[in-house]
Novice: 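Questions regarding the structure given below will be posed in turn.
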Amino acid sequence: MSLARILTRAQVGIESPVVTVEVHLSNGLPSFNIVGLPETSVKESKERVRSALHNSRFIFPDQRITVNLAPADLPKQGGRYDLAIAIGILVASGQLNEQTTQGCEFYGELALNGEIRPVTAIIPVVMAAKNERHKCYIPDQNVAMAKLVEYEHCVAANTLQGLWLDLSGQAQLPSIDCAKVTSADSAHVCFMDMSDVKGQPMAKRALEIAAAGGHNILFLGPPGTGKSMLAQRMPSIMPKMSVEQALQTAAVYSLTGKQLDHHNWRNRPFRAPHHTCSAVALVGGSSNPKPGEISLAHNGVLFLDELPEYERKVLDSLREPMETGLVTISRAAQQVDFPASFQLIAALNPSPTGCHTDKRASPDQVLRYLSKISGPFVDRIDLQIELPRLSTQELQSTRQEVTSEVIRNRVEAAFEIALKRQGKANARLSTREIEQYCVLNPEVAQLLARATEKLNLSPRSYHRIIKVARTIADLAQRGDITVPDLKEALSYRAFERLLGQLTYR
């Protein structure tokens with residue numbers, strides 16, 4: 001046989017479209033050509049495949065070899081197609097029966113000695129193969145990530161020779177062991193506990209509301225008030241990720257080649273980029289689009305400390321992902337989507353000197369400092385909390401603080417109420433869903449109308465206050481939003497109040 005078709009998959013963002021590797025052997029001067037929009041790294045696979053076949057003691061055809069990577073309009077990058085091309089040459093040259101490769105997919109880069117090297121984005125490709133019930137052959141070094149998908153028709157190989165022996169029926173490669181999810185896997189084993197933080201009851205209450213409803217939160221306070229400590233403990237009180245959510249997050253990490261710990265892979269991610277990071281590092285991008293920090297925080301927490309120190313355009317680039325939970329990277333050659341459903345925790349000092357009451361900065365200087373954060377960005381933050389300095393008595397207190405486990409139990413109970421009612425967190429409700437699931441009685445509606453007029457709230461802030469009030473009612477396991485619920489939601493607007501005081505002083 002002189003023609004072979006082998007299946008593999010490309011990497012396009014979080015998606016893994018099928019690529020058919022067509023190999024044709026024909027008469028003519030010996031040559032090796034690859035077509036189908038290959039980039040330089042794919043074109044270089046000719047030498048890797050040639051050497052791997054020779055060193056694995058296979059016959060390299062002394063013919064004209066044409067390899068087509070279909071579809072031709074999809075850019076191909078990296079060494080992930082090496083293994084499929086080599087298998088295609090073996091089938092086309094009669095060294096391997098075509099029937100043994102039917103319904104199979106192959107991924108892997110080849111070393112010159114025939115070893116199969118790992119590739120990135122292994123979780124998305126195995127998930128896609130599982131959906132189509134294709135058997136997939138993966139590099140042995142990718143097993144740790146691939147086993148999270150729990151697919152029994154996934155086989156690991158470390159050499160081209162070993163893979164040929166399996167396909168020809170002379171020796172069998174074992175299927176990978178699936179990583180069954182246990183209670184130990186989903187335990188919060190590596191997070192710091194909320195009981196470590198002394199005092200700050202209002203901030204802890206706000207964190208509980210944020211965790212239960214998926215709301216964004218901003219901490220405003222002088223240095224040493226516990227802003228970073230509270231943010232770092234947020235994952236310890238959040239609801240556990242489902243297996244589907246954990247796989248989505250693991251898939252994003254696999255795009256970067258990062259490994260996950262099987263003992264806590266269902267813990268929510270916590271990302272805290274430095275304020276010097278660029279928009280590309282935060283949102284994602286480059287010529288070959290890669291996920292940024294907001295995608296690595298998918299289903300978890302993105303913590304931005306010293307918020308005014310970030311460039312304004314960097315912060316404003318977060319506005320759309322905060323609304324949609326998705327970031328689209330557009331380049332001349334392609335457009336890719338990365339998931340970015342994260343909870344934002346931001347922290348800042350109320351003054352460039354650390355505290356606006358120390359009189360070292362004028363009101364105009366404080367206003368310029370805080371004005372580095374745009375109004376539309378602040379509009380997307382549901383809870384704004386001011387943290388006071390702790391007194392000596394609070395610092396020396398030996399009173400036992402509430403643990404993360406106790407708070408998490410309350411959070412999970414409220415989160416389950418929201419899921420049963422609307423199938424999503426309260427923070428993700430659309431305007432139409434707010435009208436359906438957050439019905440306000442006349443007294444509550446009248447109070448909100450007065451507050452909207454007095455505080456000059458934008459329509460977005462108006463709806464976010466309703467969603468926060470809905471979460472507060474869920475934590476109290478009340479079916480309806482009450483006046484106290486709305487009053488508490490309105491109290492979490494510290495940043496806007498501070499700006500108002502500075503503007504109208």
Side-chain angles (χ1 to χ4, degrees), residues 194 199-220 230 234 237-239 323 343-345 378-388 401-402 404 406-498 500:
M194 195 66 75
Q200 303 297 4
M202 186 175 182
K204 291 179 180 178
R205 168 66 174 171
L207 270 185
E208 182 176 340
I209 295 169
H215 304 288
N216 300 320
I217 186 170
L218 181 146
F219 289 135
L220 179 71
L230 287 163
M234 177 65 160
I237 66 172
M238 295 174 71
E323 290 284 339
Q343 272 186 258
L344 174 69
I345 300 182
V378 176
D379 244 5
R380 289 165 168 80
I381 299 178
D382 307 357
L383 301 159
Q384 304 162 18
I385 314 300
E386 185 168 11
L387 278 66
E401 300 287 346
V402 179
S404 291
V406 172
I407 299 175
R408 187 171 65 250
N409 290 336
R410 296 197 296 256
V411 165
E412 289 181 341
F415 187 66
E416 283 299 319
I417 292 173
L419 286 183
K420 290 179 181 178
R421 182 178 58 242
Q422 69 237 1
K424 62 176 71 172
N426 291 327
R428 296 296 174 188
L429 292 174
S430 65
T431 303
R432 180 173 297 179
E433 289 169 334
I434 291 174
E435 296 174 353
Q436 180 179 356
Y437 299 115
C438 305
V439 179
L440 304 179
N441 63 47
E443 184 182 6
V444 176
Q446 186 178 9
L447 173 61
L448 181 57
R450 293 199 305 268
T452 301
E453 184 176 348
K454 184 176 181 179
L455 300 176
N456 194 27
L457 297 176
S458 69
R460 181 179 285 112
S461 295
Y462 173 90
H463 289 119
R464 287 184 178 274
I465 287 172
I466 295 176
K467 290 188 280 190
V468 172
R470 176 70 271 176
T471 302
I472 294 171
D474 288 343
L475 282 167
Q477 300 190 8
R478 284 192 290 268
D480 298 324
I481 298 174
T482 64
V483 170
D485 298 332
L486 184 62
K487 285 182 176 179
E488 183 177 358
L490 287 167
S491 70
Y492 299 129
R493 313 299 296 179
F495 187 81
E496 293 174 352
R497 288 198 302 271
L498 177 59

Novice: Looking only at non-hydrogen atoms, find the nearest pair between Arg460 and Glu323 and report the distance.
Specialist: NE-OE2, 3.0 Å
Novice: Can you tell me how far apart CZ (Arg421) and CD (Glu416) are? Round to the nearest 0.5 Å.
Specialist: 12.0 Å
Novice: Check step by step if side-chain contact (heavy atoms from CB on, under 4.5 Å) holds for Glu433 and Gln422.
Specialist: CA-CA 8 Å; Glu433 289 169 334; Gln422 69 237 1; 6.0 Å; no
Novice: Report the distance from atom CG of Leu448 to atom CG of Leu490, rounding to the nearest 0.5 Å.
Specialist: 6.5 Å
Novice: Hey, mind stepping through Ile417 and Gln477 against side-chain contact (heavy atoms from CB on, under 4.5 Å) and telling me if it holds?
Specialist: CA-CA 8 Å; Ile417 292 173; Gln477 300 190 8; 3.9 Å; yes
Novice: If you compare all heavy atoms of Val402 against all heavy atoms of Ile407, which two are closest, and at what distance to 0.1 Å?
Specialist: CG1-CG1, 3.8 Å
Novice: Could you walk me through whether Leu207 and Ile345 pass side-chain contact (heavy atoms from CB on, under 4.5 Å), step by step?
Specialist: CA-CA 9 Å; Leu207 270 185; Ile345 300 182; 4.2 Å; yes
Novice: Between Arg205 and Tyr492, what is the shortest heavy-atom contact and its length?
Specialist: CG-OH, 3.4 Å
Novice: Would you give the length of the straight line joining atom CG of Asn426 to atom CD1 of Ile466, rounded to the nearest 0.5 angstrom?
Specialist: 12.0 Å
Novice: Would you say the side-chain atoms of Lys467 pair up with the backbone N or O of Ala427, donor to acceptor, closer than 3.5 Å?
Specialist: yes
Novice: Can a donor-acceptor pair be found, under 3.5 Å and without considering hydrogens, that links the side chain of Glu488 to the backbone of Ala469?
Specialist: no
Novice: Does any part of the side chain of Ile481, heavy atoms only, come nearer than 4.5 Å to the side chain of Arg470, both counted from C-beta?
Specialist: yes
Novice: Mark yes when over 12 heavy atoms from residues, nucleotides or ligands other than Asp480 sit less than 6.0 Å from its CG; otherwise mark no.
Specialist: no
Novice: Taking all non-hydrogen atoms of both residues, which atom of Glu386 and which atom of Pro388 are closest, and how far apart?
Specialist: O-CD, 3.6 Å
Novice: Test your reading of the model: is there a side-chain donor-acceptor pair from Glu412 to the backbone of Pro239, 3.5 Å cut-off?
Specialist: no
Novice: Check whether any side-chain heavy atom of Ile237 lies under 4.5 Å from a side-chain heavy atom of Lys204, and answer yes or no.
Specialist: no
Novice: If you take all heavy atoms of Ala425 and Phe415, which pair is closest and at what distance?
Specialist: CB-CE1, 4.0 Å
Novice: Do side-chain atoms of Ser404 reach the backbone of Met194 as a donor and acceptor pair under 3.5 angstrom?
Specialist: yes
Novice: Counting distance only, does the side-chain N/O of Asp382 pair as donor-acceptor with the main-chain N or O of Val468 below 3.5 Å?
Specialist: no
Novice: Are any side-chain N or O atoms of Asp485 and backbone N or O atoms of Thr482, one a donor and one an acceptor, separated by less than 3.5 Å?
Specialist: yes
Novice: Rounded to the nearest 0.5 Å, what separates atom CD1 in Ile217 from atom CD1 in Ile385?
Specialist: 5.0 Å
Novice: Any idea which heavy atoms bring Leu419 and Lys424 closest together, and the distance?
Specialist: CD2-N, 3.8 Å
Novice: If you define the side chain from C-beta out and look only at heavy atoms, does anything of His463 sit under 4.5 Å from Thr431?
Specialist: yes
Novice: Regarding Thr471 and Asp474, is there a side-chain donor-to-acceptor distance under 3.5 Å anywhere?
Specialist: no
Novice: Nearest 0.5 Å, please: how far is OG in Ser458 from CZ in Arg380?
Specialist: 9.0 Å
Novice: If I take atom CD1 from residue Ile434 and atom CG from residue Leu429, how far apart are they, to the nearest 0.5 angstrom?
Specialist: 6.0 Å
Novice: Taking the basic N atoms (NZ, or NE/NH1/NH2) and the acidic carboxylate oxygens, is any pair closer than 4.0 Å for Lys487 and Glu443?
Specialist: no
